[in-house]
Amino acid sequence: NFFPGTGTPEEVGANEGIGFNVNIAFSGSLDPPMGDAEYLAAFRTVVMPIAREYNPEMVIVSAGFDAASGHPAPLGGYKVSSEMFGFMTKELMTLSQGKLVLVLEGGYDLPSICDSAEICVQALLGDEISMLKDYQLGKPPCDRAVQDLKQVIEIQAKHWPCVTKYANSVKQSLYEAQRDSEEADTLSAFTSLSVVQENSPLEPDQQISTDEPANITVIVPVEEEGEENERMEES
């Protein structure tokens with residue numbers, strides 16, 4: 001039940017606008033309240049992948065801070081830090097060659113609004129901002145948020161297939177997701193170094209057998225005396 005009666009993840013637009021509306025509807029009341037870990041997961045798995053693929057000419061943000069820590073439950077009840085608002089601003093500045101507009105929209109707790117708005121303006125100015133703490137970056141999202149994000153990905157995958165690759169990593173913290181991504185990049189780089197394409201230029205003494213068709217040739221060094229300098233095995 002989202003005020004004022006709209007905002008469910010199934011609302012993806014209408015007519016020619018189908019697929020251009022993306023709602024991330026956190027549910028489960030405040031048990032537990034959503035915070036930085038949940039917003040990090042949403043930005044990493046849904047918001048930024050779709051935004052990068054859409055490639056907007058300009059980003060306009062209705063910058064409300066109702067979710068900022070300090071708002072009592074009837075007015076918010078979430079635990080999003082001011083550092084997280086700065087992080088989200090920095091992320092959005094990577095789009096549209098930095099053409100980003102923040103329009104102050106809401107919030108009820110004056111200190112929370114001041115802290116959050118200040119760090120967002122610092123980010124826009126390119127100033128140094130307070131970074132998220134390690135415990136925030138290493139904390140996975142709560143189970144309720146994981147379920148909600150998986151539902152959003154399932155719905156939006158019909159319109160934005162790019163989000164499907166993140167379905168299995170929704171439950172990870174930012175640190176965990178980055179570690180897995182780095183491991184995948186390392187493996188890919190290692191494979192590219194270890195594998196030579198069939199049409200790659202080789203030294204004259206590197207002869208490839210063509211008895212059987214092969215697209216990839218793996219070159220395995222052999223160091224024992226009496227052996228050829230290099231033995232080639234087809235795969």
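Only a predicted model underlies this, so the values are computations on that prediction, with no experimental measurement involved.
Using modelled atom types, no side-chain atom of Q147 and backbone atom of R144 make a donor-acceptor pair closer than 3.5 Å. The backbone N or O of E83 sits nowhere less than 3.5 Å from a side-chain atom of S130 that would complete a donor-acceptor pair. The main-chain N or O of G19 is found under 3.5 Å from a side-chain atom of W160 such that the two form a donor-acceptor pair. A donor-acceptor contact shorter than 3.5 Å links the side chain of Q156 to the backbone of N21. A donor-acceptor pair under 3.5 Å is absent between the side-chain atoms of S181 and the main chain of A177, judged by distance alone.
Looking only at side-chain heavy atoms (C-beta outward), T94 and M48 come within less than 4.5 Å of each other. In this structure, the side chains of Y175 and D134 come closer than 4.5 Å at one or more pairs of heavy atoms. For the pair L132/L174, no side-chain contact is recorded, criterion being any heavy-atom separation below 4.5 Å from C-beta on. In this structure, the side chains of D109 and L75 stay at 4.5 Å or more apart for every pair of heavy atoms. Using a 4.5 Å heavy-atom cutoff, the side chains of I24 and L149 are in contact. Inter-residue side-chain proximity for K139 and D36 is flagged as unmet; no heavy-atom pair is nearer than 4.5 Å.
Under the ring pair (Phe, Tyr, Trp, His ring centres under 6.0 Å) criterion, F87 pairs with no residue at all, not counting sequence neighbours.
Looking only at atom types and distance, the side chain of T8 has a donor-acceptor partner in the side chain of E11 under 3.5 Å away. A side-chain donor-acceptor contact under 3.5 Å links R44 and S169.
Residues V121 and I129 do not share a hydrophobic cluster, clusters being chains of Ile/Leu/Val/Met/Phe/Trp/Tyr side chains in contact below 4.5 Å. Under the 4.5 Å side-chain heavy-atom criterion for ILVMFWY residues, no single connected hydrophobic cluster contains both Y108 and V80. Linking ILVMFWY side-chain heavy atoms closer than 4.5 Å, directly or via other members, places L137 and V47 in a single hydrophobic cluster. No chain of hydrophobic side-chain contacts below 4.5 Å, direct or via other Ile, Leu, Val, Met, Phe, Trp or Tyr residues, connects Y166 to V152. Cluster annotation: M93 and I60 are assigned to distinct hydrophobic clusters (Ile/Leu/Val/Met/Phe/Trp/Tyr, side-chain heavy-atom contacts under 4.5 Å, transitive).
Within 6.0 Å of atom CG in D127, more than 12 heavy atoms from other residues, nucleotides or ligands are found, so the atom counts as buried in its surroundings.
A51 approaches L95 most closely through the heavy-atom pair CB-CD1, 3.6 Å. Nearest approach of P140 to E38, heavy atoms of both residues: O-OE2, 4.3 Å. Among all heavy-atom pairs drawn from P33 and Y78, the shortest one is CB-CA, 4.2 Å. Across A63 and L102, no two heavy atoms sit closer than the pair CB-CB, 4.3 Å. Shortest non-hydrogen contact noted between V12 and I155 is CG1-CG2, 3.7 Å. Between S81 and S69, the closest heavy-atom pair is N-OG, 4.4 Å.
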Side chain to side chain donor-acceptor pair (under 3.5 Å) for Q151 and E10? Distances and angles first, verdict last. CA-CA 9 Å; Q151 181 186 17; E10 292 83 5; 3.2 Å; yes
Using the rule given for side-chain contact (heavy atoms from CB on, under 4.5 Å), can you reason through F85 versus C120, listing the C-alpha separation, both sets of side-chain angles and the distance that settles it, and then say yes or no? CA-CA 7 Å; F85 285 106; C120 289; 3.9 Å; yes
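Note that NZ of K90 is 12.0 Å distant from CG of L92, once rounded to the nearest 0.5 Å. Here the SG atom belonging to C142 is positioned 14.5 Å from the NZ atom belonging to K171, to the nearest 0.5 angstrom. Within the model, atoms CD1 of I113 and CG of L104 stand 6.5 Å from one another, a figure rounded to the nearest 0.5 Å. Atom CD1 of residue I50 and atom CZ of residue F20 lie 11.0 Å apart, to the nearest 0.5 angstrom. Rounding to the nearest 0.5 Å places OH of Y135 at 14.0 Å from OG of S173.
Aromatic ring pairs are classed by plane angle as parallel below 30°, tilted from 30° to 60° and perpendicular above 60°; the pair Y39 and F26 is tilted.
Screening I153, N168, L40, V163 for a side-chain contact (heavy atoms from CB on, under 4.5 Å) with T45, the sole residue that qualifies is I153.
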